[in-house]
Amino acid sequence: MTGALSSLRIIEIAGIGPTPFAAMWLADHGAQVVRIARPGAPQIFPLDRDVLDRGRDWLELDLKSPEGRGIARDLILRADALIEGMRPGVMERLGLGPEDFAENPRLVYGRMTGWGQTGPLAHSAGHDLTYLAITGALSAIGPADHPVPPLNLVGDFAAGSMYLVSGMLAAILAARETGRGQVVDAAITDGVAHLMAMISGLRANGLWRDQRQANLLDGGAPYYSCYPCACGGFLAIAAIEPQFWAELVRQLGLSEADLPDRADPANWAALRAILAARIATRSRDDWATVLEGTDACAAPVLSLDEAPRHPHNRARGAYSGTDPRPAPLMSAGLGALREGRRLAVEEARDLWR
């Protein structure tokens, strides 16, 4: 095994969204992850191949049967950590809760939910969008007249998977020092609230208005926004600092002396109209030729199909075909990417002996 986490043994109880992403990230960095899947479990997306499944083998077990629970228990007793995304209490009812593994005191028990293990909504159904809704983040994203779902990147994966991963790695480090594992209660709502720290700080200091498209980073500022080009594509500009703004204006063929003062929000509508008119005179790719590689802080808005072919992404090896490469890069190398395979029960019994 290769990768920074090659000494880790992790059991993943199959789930959706944030739990497989977290398991994929750990496997990408070398952890030995085995997924326990329910036989015949339906898929939300019937995929022939799911990128989130890469890097780990799987075993089908009926955890409602004594035999299935017994095999799962044996594996968990030999693991460093477990990942599960069931509703609170489900694993306990199966006899596989955190308190059921006293023989493995170093076990780190990673629990991924939307609402958390406690609280009035803990047992309620939900998805990324509903978790975002109660944090204030959703209300800040989108055009002025309505909020917009930011894919499920903010909730499931940023506030969910990556908070679970970081919490588990912290707990694993502590377990290696103390010999004692712990439960990691990763709630998407908690993670989103934490991700909003900078915005909350700006708001507390009177530097953020509680409305959409009225602020520096939410599309309100004309120098941090996206503009349509002559071809129908879009150009993203993010020239916040004065020196970057000056370079953008110069590259666009405009003069700062002729533009309204961008520091005054009262001028933003007029400034936006000037920028929009200028950017609309050329195609997206024409502007990319002019602006990329300069300090104008501008980039073409690429489609999902175009992104893997961008020269920077290609130079970085950010994609393998259309699959995102593991990230971040590590100087000593990443785990070896491989397709997982289905384990037979006999193989599983001998795993990690």
Side-chain angles (χ1 to χ4, degrees), residues 132-133 135-151 153-154 158 192-303 306-307 310-313:
L132 287 180
T135 66
L138 184 59
S139 74
I141 298 171
D145 61 344
H146 67 282
V148 169
L151 301 183
L153 301 179
V154 175
V192 176
H194 194 253
L195 286 172
M196 290 289 286
M198 186 185 80
I199 305 303
S200 297
L202 292 172
R203 175 70 176 155
N205 284 278
L207 299 174
W208 191 273
R209 298 169 64 188
D210 198 5
Q211 62 188 86
R212 287 177 300 280
Q213 280 195 318
N215 300 283
L216 177 63
L217 302 174
D218 64 357
Y223 46 89
Y224 196 90
S225 193
C226 297
Y227 291 88
C229 302
C231 62
F234 286 83
L235 181 72
I237 64 172
I240 295 176
E241 290 81 0
Q243 67 272 28
F244 301 152
W245 170 246
E247 178 66 7
L248 175 69
V249 170
R250 187 181 72 81
Q251 294 287 353
L252 291 178
L254 300 172
S255 170
E256 277 195 84
D258 296 331
L259 298 176
D261 180 10
R262 71 177 193 142
D264 185 352
N267 294 328
W268 282 1
L271 183 56
R272 182 181 298 277
I274 294 169
L275 293 175
R278 178 61 178 142
I279 292 169
T281 63
R282 301 179 69 169
S283 73
R284 181 199 69 178
D285 293 345
D286 282 345
W287 283 122
T289 300
V290 171
L291 297 166
E292 282 195 308
T294 74
D295 279 353
C297 287
V301 178
L302 301 182
S303 71
E306 292 172 316
H310 188 278
H312 185 80
N313 292 333

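Note that the numbering runs from 1 along the sequence shown for the chain.
- Contact annotation: the side chain of L291 approaches that of L248 to within less than 4.5 Å [non-hydrogen atoms, C-beta and beyond].
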**OP:** Decide yes or no on side chain to side chain contact (heavy atoms under 4.5 Å, CB included) for E256 and W245, but give the supporting numbers first.
**Re:** CA-CA 9 Å; E256 277 195 84; W245 170 246; 3.4 Å; yes
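- When all heavy atoms of E241 and R262 are compared, the closest pair comes out as C-NH2, 3.6 Å.
- Minimum heavy-atom separation, A299 to L235: O-CD1, 3.5 Å.
- Side-chain contact between L132 and P150: present, with at least one pair of heavy atoms (C-beta onward) separated by less than 4.5 Å.
- Between atom OH of residue Y223 and atom CG of residue L271 there is a gap of 9.0 Å, rounded to the nearest 0.5 Å.
- Closest approach of I141 and R212 over heavy atoms only: O-CD, 3.4 Å.
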**OP:** Output, in order, the C-alpha distance, side-chain angles, deciding distance and verdict of side chain to side chain contact (heavy atoms under 4.5 Å, CB included) for D295 and Q243.
**Re:** CA-CA 8 Å; D295 279 353; Q243 67 272 28; over 6 Å; no
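- W208 is not listed as a side-chain neighbour of S200, based on a closest heavy-atom distance of 4.5 Å or more.
- Residues S283 and A230 come closest through the heavy atom pair N-CB, 4.0 Å.
- Between A263 and P265 the shortest heavy-atom distance is O-CD, 3.3 Å.
- Under the rule for a side chain to side chain donor-acceptor pair (under 3.5 Å), the partners of E306 that lie at least two apart in sequence or sit in another chain are R284, S303.
- Considering only heavy atoms from C-beta on, C229 comes within 4.5 Å of I279 through its side chain.
- Counting heavy atoms from C-beta outward, L138 and V154 have side chains that stay 4.5 Å or more apart.
- A cation-pi contact links R282 to W287, judged by a cut-off of 6.0 Å to the six-membered ring centre and 45° from its axis.
- Residues I274 and P222 are not in side-chain contact: their nearest non-hydrogen atoms beyond the backbone lie 4.5 Å or more apart.
- From S139, atom OG reaches atom CG of D210 across 5.5 Å, with rounding to the nearest 0.5 Å.
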**OP:** Starting from the C-alpha separation in whole Å, work towards a yes-or-no answer on side chain to side chain contact (heavy atoms under 4.5 Å, CB included) for L207 and L216.
**Re:** CA-CA 9 Å; L207 299 174; L216 177 63; over 6 Å; no
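- C297 and F244 make their closest contact through SG-CD1, 3.5 Å (heavy atoms, listed as atom of the first residue, atom of the second, distance).
- To the nearest 0.5 Å, the span separating CG on L202 from CZ on R209 amounts to 14.0 Å.
- Between the side chain of R278 and the backbone N or O of L252, at least one donor-acceptor pair lies under 3.5 Å.
- The line from OG1 of T135 to CG of L195 is 9.0 Å long, rounded to the nearest 0.5 Å.
- The CG atom of D218 sits 9.5 Å away from atom OG of S225, with the distance rounded to the nearest 0.5 Å.
- Between L302 atom CG and D285 atom CG the span is 8.0 Å, to the nearest 0.5 Å.
- Without hydrogens or angle criteria, R272 side chain to G220 main chain gives a donor-acceptor distance under 3.5 Å.
- More than 12 heavy atoms of other shown residues, nucleotides or ligands fall within 6.0 angstrom of atom NE2 in H146.
- Of the possible donor and acceptor atoms, none in the side chain of D258 sits under 3.5 Å from a partner among the backbone N and O of S255.
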Original post:
Would L259 and L275 count as a side chain to side chain contact (heavy atoms under 4.5 Å, CB included) if you check the C-alpha gap in whole Å, the side-chain angles of each, and the deciding distance to 0.1 Å?
Top reply: CA-CA 10 Å; L259 298 176; L275 293 175; 5.6 Å; no
